[in-house]
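Heads up, the thing below is written out as structure tokens.
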Amino acid sequence: MKAREPSRLPTDVYLSFVSSLFGNRGTLITGVVVHVIWCAIVFSYTGSEFYLFAAAGFALVFALRFYEFLRFDRVDKHPLTDAQIAQWERRYVAGATLTALLLGTTSGHAMLVLRDSFVAFTCVAMTMGSMMSIVGRNYGSRWAVDYQTLGCCIPIILACVSSGDQYLALMSLLLIPFGLTTRSMANGVREFLYENVLAARKIRLIANQFDLALTTIAHGLVMLDSGGRIEVINRRGCDLLGLPNASSIAGLPLINVLRRRFEGRNEGIQQIQQLVVGELARTLLNLGDGRHIECSASRRDDDGVVLILEDVSERVAAEIKMLRMVQLDSLTGLPNRAHFTTLAAARLEGCPPGALAAMVIMDIEGFKHVNDLRGHVVGDQLLCAVASRLLVDVGDELLAGRLVGNEFVALVTAKDRADLEARMEQLLRKMQHTYEFCDIKMSVAFNAGCVIAPVDEFDMEQWHIRADLALNDAKTKGNGTLVFFQPEMDARYIEEQKLKQDLRRAVDERALRVVYQPMYSADGTRIECMEALVRWNHPEKGMIAPNIFIPMAEDMGIIAGISQFVLDRACRECSGWEQPVSVSVNLSVHDLMSPSIVSEVFEILTRNNLPPTRLHLEVTENCFIDDPVAVGNILQQLRAKGVTISIDDFGTGFSSLSYLTTLPLDIVKVDRAFVRDLNVDPRRIKLLRGITQLSRDLGLRIVIEGVETPDQLRLINENRFADIIQGYVFSPPVEADVAGQMLQNRGKISVLKTSRKRGKPAT
């Protein structure tokens, strides 16, 4: 095997080899003692003083070498470079070579000068014996082996050749293969040790890296042998499982260690046991205190097991939080509708046959006014207080949840219907006490609808519908009313749903029709405008009142289709009238929330060739409540093109006066409520006078609607309350052809002698 040059050795390996040269002091001391004694014996036997000088030489060389050994001991070896290490190697080689040369010289002297066979034999034997120690002591340096071998052999060979004895000379040449063999053995030992040193270094590096990985990885690691005993466990694994340090549990069965750690918690130990035996590949351990560990297992070829532990507490907490967000109402913490349905089904499933359940939906009466007057923060706090009372004060037998807005739902079971009704009434009484929160005291009333049915008939969708039907009746009565569902409510609901389907079909098929009610000048001499009103003649039920199907269309989201139909029909028929009067069309809040309403209006005007100045658009006060700025911008765009804007049903809202100054209006239509009993209630005259004066000061025209009797007309004209009159006193709503004939006659009619009271239709 080829020897490696020192310059090619890693520094630490090179240093270890050189250090081995200076290491074994015992053989050095033994050698010098043996050499000195040997020289003394030879001197005694031969009387040759040469051996006295040789003994002194051995002692002197030993002293020098021992001194170098001591110096080497005192050197700080960590910062040594290859060159400095090589210098120490050369010092050692020099001393060793001198010793070997002395040995070879003494042997050569005995053979060449003394020519004594006994002395020659002892000298050669001593030299050859010393050469055998070269391999065991000087393998760390190729130069030490080479120079010592040469130092021992060359003097002997020279002496044998110089003796003139050809056989002796030939025999001495056999020292050459002996020396080469010694050199080869030393190099082999050195190469073998070098490979082992490198392998040990690599193993140590791998071990250090493995140890570093074990101590720094975020996961816990446990390696078990085929018997389930702990071979390796890192610090993280001990921390996650709450175990003592690894050294104290190495070699112990993991299951036994965990049993001592988790006394009485067999579930987690059983899960790990299943991992160890291969029944599970992954499991989630709940360690309590919100800590969760995900543990996975993989088997080794030797039937051992590697367990990987990961702390997933934060992930599990996040999943629980997300689940709560999905299942629970974020404000009150009560189950939402979907989760309430799941909980209710689970609870009712365990009830005995024949048991009854009552589901009640409770609505906070006047909750909108709480938000409007006190703000949404107070409204939210009230909802939380209601939820708290449901959870704490009512009792655990009640399953409670929050549906939407200010609606809460509760479920309770019993065997007797009378008992359920009594408990529902008791629940409503408890809920309707005064609520105190954030220094606020508030008396709250609940309207509630309740459905009672056998538990085996539970259907959340159907029960919800029935409870809602009962709740609608309760809201109509108000003042904290509880209504129990009755079968006839279901019939009314089915009828209402059928009516909605018929209404949708009528809108899609444009089966509605438009009538017109004239709006006259105050003296009744001419028609100023025609208001377009929608009518629905049901094929089976006959005429359906607008106050029934218009709110229904708004709930269904089809009111925009009705508005477009009326606007298009009114503009087309208005463009055909001989008299250039205007037509007035009502717009709903849903129409004004559409971003395309302006373009739709002008597209209809253009298609029907009607100037914008002949179109009046009427809007009610509730159109402005949610977003007055946006609605004001839309009306301003319409008005800028010539469309006249009217505010309808003026005076019935909370803030009508402010709208007169903030919105782009042309006409104020005073609600019929101010005209009713005008001739018997002087206060109504004062109210009309104030509204009239304010409107005229703002440059607005005044329309009074709902004028039905000549007496009302007379009072209005005497006080100059109106610019335009609309009502049965002049004309009821008429068909389009009749409206056209009235305009041909220039609107001349006689005042009706009878008062026919009918609610004003609206779109």
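Residues take their numbers from the sequence shown, with the count starting at 1. Values below: all heavy atoms of this structure, side chains included; hydrogens, waters and symmetry mates excluded. All figures in this text were calculated on a predicted structure; none of them were measured in a lab.
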Original post:
Between the main-chain N or O of Thr481 and the side-chain N or O of Asn447, is there a donor-acceptor pair closer than 3.5 Å?
Top reply: yes
**OP:** Nearest 0.5 Å please: distance from the CZ atom of Phe408 over to the CG atom of Leu383.
**Re:** 5.0 Å
Original post:
Could you state the interatomic distance from CG (Leu252) to CG (Leu258), rounded to the nearest 0.5 Å?
Top reply: 11.0 Å
Subject >> Minimum heavy-atom distance Ala470-Gly449, with the two atoms named >> reply: CB-CA, 3.6 Å
**OP:** Verify the distance criterion only: is there a donor paired with an acceptor across the side chains of Asp473 and Thr476 at less than 3.5 Å?
**Re:** no
**OP:** Walk me through it: do Phe69 and Tyr92 pass the test side chain to side chain contact (heavy atoms under 4.5 Å, CB included)?
**Re:** CA-CA 8 Å; Phe69 277 41; Tyr92 177 84; 3.7 Å; yes
Original post:
When you check the gap from the basic side-chain N to the acidic O, do Arg291 and Asp311 get nearer than 4.0 Å?
Top reply: no
Original post:
Do Gln486 and Leu469 come close enough that some side-chain heavy atom pair is under 4.5 Å?
Top reply: no
Subject >> Main-chain N/O of Asp363 paired to Asn406 side chain as donor or acceptor, under 3.5 Å >> reply: no
**OP:** Answer yes or no: does atom CG of Asp301 have more than 12 heavy-atom neighbours from other residues, nucleotides or ligands under 6.0 Å?
**Re:** no
Subject >> Taking every non-hydrogen atom, the tightest pair across His219 and Asn234 >> reply: O-ND2, 3.2 Å
Original post:
Below 4.0 angstrom, N of the basic side chain to O of the carboxylate: do Glu294 and Arg315 qualify?
Top reply: yes
Original post:
So among Gln432, Lys430, Glu425, which one has a side chain to side chain contact (heavy atoms under 4.5 Å, CB included) with Leu428?
Top reply: Gln432
Original post:
Is any side-chain heavy atom of Leu390 closer than 4.5 Å to a side-chain heavy atom of Met431?
Top reply: yes
Original post:
Side chains of Leu398 and Leu411: does their closest heavy-atom pair fall under 4.5 Å?
Top reply: no
**OP:** Please name the pair of heavy atoms, one in Gly480 and one in Ala445, separated by the smallest distance, quoted to 0.1 Å.
**Re:** N-CB, 4.1 Å
Subject >> Leu348 and Cys351, any side-chain heavy atoms less than 4.5 Å apart >> reply: yes
**OP:** Working to the nearest 0.5 Å, report the span between CG of Leu331 and SG of Cys384.
**Re:** 4.0 Å
Original post:
Rounded to the nearest 0.5 Å, what separation is found between the CG atom of Leu471 and the CD atom of Glu407?
Top reply: 5.5 Å
Original post:
Which pair of non-hydrogen atoms, one from Ala358 and one from Cys450, has the smallest distance, and what is that distance?
Top reply: CB-SG, 4.0 Å
Original post:
Can Met359 and Val412 be said to form a side chain to side chain contact (heavy atoms under 4.5 Å, CB included), step by step?
Top reply: CA-CA 7 Å; Met359 190 179 85; Val412 67; over 6 Å; no
Original post:
Under 3.5 Å, side chain of Arg402 to main-chain N/O of Ser330, donor-acceptor pair present?
Top reply: no
Original post:
Just checking, is any N or O donor in the side chain of Arg337 or His464 under 3.5 Å from an acceptor N or O on the other one?
Top reply: yes
Original post:
Are the side chains of Ile452 and Phe485 in touch, meaning some heavy atoms are under 4.5 Å apart?
Top reply: no
Original post:
Quick one: which of Thr283, Leu254, Val305 gives a side chain to side chain contact (heavy atoms under 4.5 Å, CB included) with Leu275?
Top reply: Thr283
Original post:
Do Val451 and Val360 have side-chain heavy atoms sitting under 4.5 Å apart?
Top reply: no
**OP:** List the steps and the verdict of side chain to side chain contact (heavy atoms under 4.5 Å, CB included) for Val306 and Arg300.
**Re:** CA-CA 7 Å; Val306 178; Arg300 307 198 313 247; 3.8 Å; yes
Subject >> CD1-CD distance between Ile255 and Gln273, expressed to the nearest 0.5 angstrom >> reply: 4.5 Å
**OP:** Start with the C-alpha gap between Thr342 and Phe340, add the side-chain angles, then the distance that decides, and say whether side chain to side chain contact (heavy atoms under 4.5 Å, CB included) holds.
**Re:** CA-CA 5 Å; Thr342 303; Phe340 177 86; over 6 Å; no
**OP:** Give the minimum heavy-atom separation between Thr434 and Ser443, together with the two atoms involved.
**Re:** OG1-OG, 3.4 Å
Original post:
Are any of the side-chain heavy atoms of Arg466 and Tyr493 separated by less than 4.5 Å?
Top reply: no
Subject >> Arg282 backbone acceptor or donor facing Ser296 side chain under 3.5 Å >> reply: no
Original post:
Would you say the side chains of Ser594 and Asp591 form a donor-acceptor pair under 3.5 Å?
Top reply: no
Original post:
Between Glu365 and Phe446, is any pair of side-chain heavy atoms under 4.5 Å apart?
Top reply: no
**OP:** For residues Leu356 and Arg417, report the shortest heavy-atom separation together with the two atoms involved.
**Re:** CD1-N, 3.7 Å
Original post:
Do any N or O atoms from the side chain of Gln462 and from the backbone of Asp459 form a donor-acceptor pair under 3.5 angstrom?
Top reply: no
**OP:** Measure the spacing between CG of Leu307 and CG of Leu221 and express it to the nearest 0.5 Å.
**Re:** 8.0 Å
